[in-house]
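Please read the structure below before turning to the comments.
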There are 2 protein chains.
Amino acid sequence: MNNYDDETTFAIGELAREFDITPRSIRFYEEQGLMSPSRTGQNRVYLNKDRVRLKLILRGKRLGFSLAEVKTLFDMYDSNPNSAVQLEAMLEMTEQKRAVLRQQLEDIQMLMTELDDVEARCREELAELKRGKIA
Amino acid sequence: MNNYDDETTFAIGELAREFDITPRSIRFYEEQGLMSPSRTGQNRVYLNKDRVRLKLILRGKRLGFSLAEVKTLFDMYDSNPNSAVQLEAMLEMTEQKRAVLRQQLEDIQMLMTELDDVEARCREELAELKRGKIA
DNA sequence: GTACAGGTTTACGTTAACGTTAATTACAAT
DNA sequence: ATTGTAATTAACGTTAACGTAAACCTGTAC
C-alpha cells in the first residue's frame with residue numbers, strides 16, 4: 001500500500017493533506033533547499049520522489065534533527081552517494097542522537113519516581129483529611 | 001555525594017558552571033518566575049533548595065517541556081497543599097503527566113530501533129565498500 | 001460571466017529561550 | 001591606586017520554523 005509509480009503527480013495541497021502539514025511548510029522546505037519540484041506554468045508539481053523526500057524530511061524532524069541537519073544529510077547523499085565519508089557522517093549523527101535519547105530516558109525515569117513520591121504524599125494527606133485529622 | 005546542607009550558599013556563577021549554563025539563563029529563569037533566590041546587597045544568593053529547583057528546570061527542558069510548562073508544575077507543587085481540592089487537582093495533573101511520559105518512553109524506544117536499522121544499513125554498506133565490492 | 005477553490009509571490013509578524021553589548025558596582029589582590 | 005574578577009540592570013538582537021496577510025492568477029462549476 002502507499003505505492004505510487006514514477007508518473008503520478010501531486011499538487012501541493014494533496015501532499016499537505018496527506019502529511020497533515022500546511023502548504024506553507026512545504027514551500028518553506030523548498031526555500032531552504034530541501035526539495036525542488038518541477039512546475040507546470042507557475043504551479044508546483046510533485047512526483048513520487050519529491051513525496052519521498054518530504055517523508056524523509058518529516059521523519060528527520062521526528063528524530064529531532066533540524067531542517068539544516070536534514071539538508072546536510074541530503075547534500076551529502078546527493079553529492080556523493082554511498083561514499084564512505086557520507087556513511088560515516090551519518091553514523092556520527094545517529095550516534096549523537098542516540099546519546100540524547102539515552103539522557104531523556106534517564107530523565108523520564110527519575111521524573112517518574114518523583115511523581116510517585118508526590119502522588120503518595122498526596123494520597124496520604126487526602127486520607128488524613130477524610131479521617132478528619134485535619135480540618 | 002552531591003549532598004549539601006541547608007546553609008550552604010552558591011553564587012550565580014557557581015551554579016552556572018555546575019550545570020554548564022550561563023548566568024544569563026539563570027537570571028532568565030528567575031525573570032520567568034521559576035526561581036526566587038534571596039540577596040545580599042544586590043547580589044543573588046542561592047541555597048540548596050534553589051539549586052534543586054534549577055536542576056528540575058533543566059531536567060524538564062531535557063524532557064521537552066517549555067519553561068512555561070515547568071512553571072505551571074512548580075506553581076501546582078507550591079500551592080497550598082492543605083486543601084483537598086488542591087490535592088486532587090495535583091493528582092490529576094501528575095496522572096496526566098505520567099501518561100505523557102509513558103507516551104514519550106514508547107516514542108523513544110521506537111526511534112531507537114529506527115536508529116538501529118539506519119546504523120545497521122550504514123555499517124553493512126561500509127563493510128561492502130571495504131571489501132571493494134563497490135568502487 | 002461570475003463565483004470559488006485552488007494555486008502563486010512578497011514580505012512582515014511571531015514565539016521561545018536565551019545571546020550580547022553597555023554601563024555600572026563591588027570586593028580582592030598586587 | 002590600579003588591576004582583575006564577578007556581579008548587577010536594561011535593552012536590543014538572534015534563530016528556527018513557520019503563520020499570516022495582501023494582492024494576484026486560473027481553471028472549473030453553475
Side-chain angles (χ1 to χ4, degrees), chain A residues 8-48 50-51 53-75 93 96-97 100 103-104 107, chain B residues 8-47 50-51 53-75 100 104:
Chain A
T8 319
T9 65
F10 310 87
I12 194 169
E14 293 181 84
L15 289 187
R17 268 189 302 280
E18 174 175 356
F19 293 109
D20 197 30
I21 57 181
T22 67
R24 173 69 174 104
S25 297
I26 300 182
R27 290 192 200 98
F28 182 73
Y29 299 152
E30 179 181 348
E31 198 182 316
Q32 300 302 302
L34 290 166
M35 317 181 64
S36 44
S38 48
R39 304 268 179 146
T40 35
Q42 71 171 358
N43 283 33
R44 288 169 177 80
V45 174
Y46 299 87
L47 296 173
N48 190 47
D50 301 308
R51 192 179 145 276
R53 272 239 166 179
L54 181 53
K55 202 151 108 182
L56 285 176
I57 294 171
L58 298 178
R59 178 157 160 261
K61 289 198 59 179
R62 286 201 313 273
L63 287 170
F65 292 112
S66 71
L67 294 182
E69 288 172 319
V70 173
K71 179 176 160 54
T72 304
L73 288 175
F74 280 178
D75 289 350
M93 293 188 87
Q96 278 179 27
K97 187 59 200 168
V100 172
Q103 179 64 60
Q104 287 188 4
D107 289 341
Chain B
T8 318
T9 64
F10 310 86
I12 194 169
E14 292 182 84
L15 289 187
R17 267 189 303 279
E18 175 176 356
F19 294 109
D20 196 30
I21 57 181
T22 67
R24 173 67 173 107
S25 298
I26 299 182
R27 289 192 201 97
F28 183 73
Y29 300 151
E30 178 180 349
E31 197 181 317
Q32 299 302 303
L34 290 165
M35 316 182 63
S36 44
S38 48
R39 305 265 180 148
T40 36
Q42 71 171 359
N43 283 33
R44 288 168 177 81
V45 174
Y46 299 86
L47 296 173
D50 301 308
R51 192 181 145 277
R53 274 240 165 181
L54 182 53
K55 201 162 132 182
L56 287 176
I57 294 171
L58 298 178
R59 181 178 301 156
K61 287 200 56 182
R62 284 198 302 274
L63 288 172
F65 291 112
S66 71
L67 295 181
E69 287 172 320
V70 173
K71 178 176 161 54
T72 304
L73 286 175
F74 280 177
D75 289 349
V100 172
Q104 284 189 7

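Here is the naming used below: chain letters follow the sequence lines, and residue numbers restart at 1 for every chain. Keep in mind that the numbers below use all heavy atoms, side chains included, and drop hydrogens, waters and symmetry copies. Just so we're clear, the structure is a prediction, and the values are computed from it rather than from any experiment.
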- Note on the structure: Testing C:dG7, D:dT8, C:dC18 for proximity to the side chain of B:Ser25, the answer is C:dC18
- Message: Applying a 4.0 Å non-hydrogen cut-off, can you work out what A:Arg27 is touching in the nucleic acid: base, sugar-phosphate, or nothing?
- Response: base
- Message: Counting C-beta onward and ignoring hydrogens, is there a side-chain heavy-atom pair between A:Phe19 and A:Arg51 closer than 4.5 Å?
- Response: yes
- Minimum-distance nucleotide (side-chain atoms of B:Thr22 versus C:dG7, C:dG19, D:dA7): C:dG19
- Identify whether any heavy atom of B:Arg17 sits under 4.0 Å from a base atom; if not, whether one sits that close to sugar-phosphate; answer base, sugar-phosphate or nothing. nothing
- Task: Can you figure out which of D:dT8, C:dG7, C:dA17 approaches the side chain of B:Leu67 most closely?
- Result: C:dA17
- Side-chain donor/acceptor of A:Asp50 to backbone N/O of A:Leu47, under 3.5 Å: yes
- Task: Assign each of A:Lys61 and B:Arg24 to its nearest nucleotide of DNA chain D by heavy atoms, then name whichever residue's nucleotide is nearer the 5' end.
- Result: B:Arg24
- Item | side chain to side chain contact (heavy atoms under 4.5 Å, CB included) between B:Tyr46 and B:Thr9, intermediate numbers included | CA-CA 5 Å; B:Tyr46 299 86; B:Thr9 64; over 6 Å; no
- Between A:Glu30 (CD) and D:dA17 (C1'), how many Å, whole number? 16 Å
- Message: Rounded to whole Å, how long is the line connecting atom CG of A:Leu54 with atom C1' of D:dA17?
- Response: 15 Å
- Task: Starting from P on D:dA16, measure out to CD1 on A:Ile57 and report it in whole angstrom.
- Result: 16 Å
- Task: To the nearest Å, give me how far apart CG (A:Asn43) and P (D:dT28) are.
- Result: 12 Å
- Residue pair B:Phe65 / B:Arg59, side-chain heavy-atom distance below 4.5 Å: no
- Message: What's the closest nucleotide to the side chain of B:Phe28 if the choices are C:dG7, C:dA17, D:dT8?
- Response: C:dA17
- What is the distance from CD of B:Glu31 to P of D:dA10, rounded to the nearest Å? 9 Å
- Message: Checking contacts here: which listed nucleotide (D:dG19, C:dT8, C:dG7) is nearest the side-chain heavy atoms of A:Arg39?
- Response: C:dT8
- Whole Å only: how far is the CD atom of A:Glu14 from the C1' atom of C:dG7? 12 Å
- A:Tyr29 side chain near D:dA17 phosphate (N/O to OP1/OP2, under 4.0 Å): no
- Query: Can you tell if the side chain of A:Arg39 reaches within under 4.5 Å of the side chain of A:Arg44, non-hydrogen atoms only?
  - Reply: yes
- Spacing of A:Gln42 atom CD relative to C:dG6 atom P, expressed in whole Å: 17 Å
- Task: Write down the distance between CZ (B:Phe19) and P (C:dA17), rounded to a whole number of angstrom.
- Result: 19 Å
- Item | Distance below 4.0 Å between A:Arg44 side-chain N/O and C:dG7 OP1 or OP2 | no
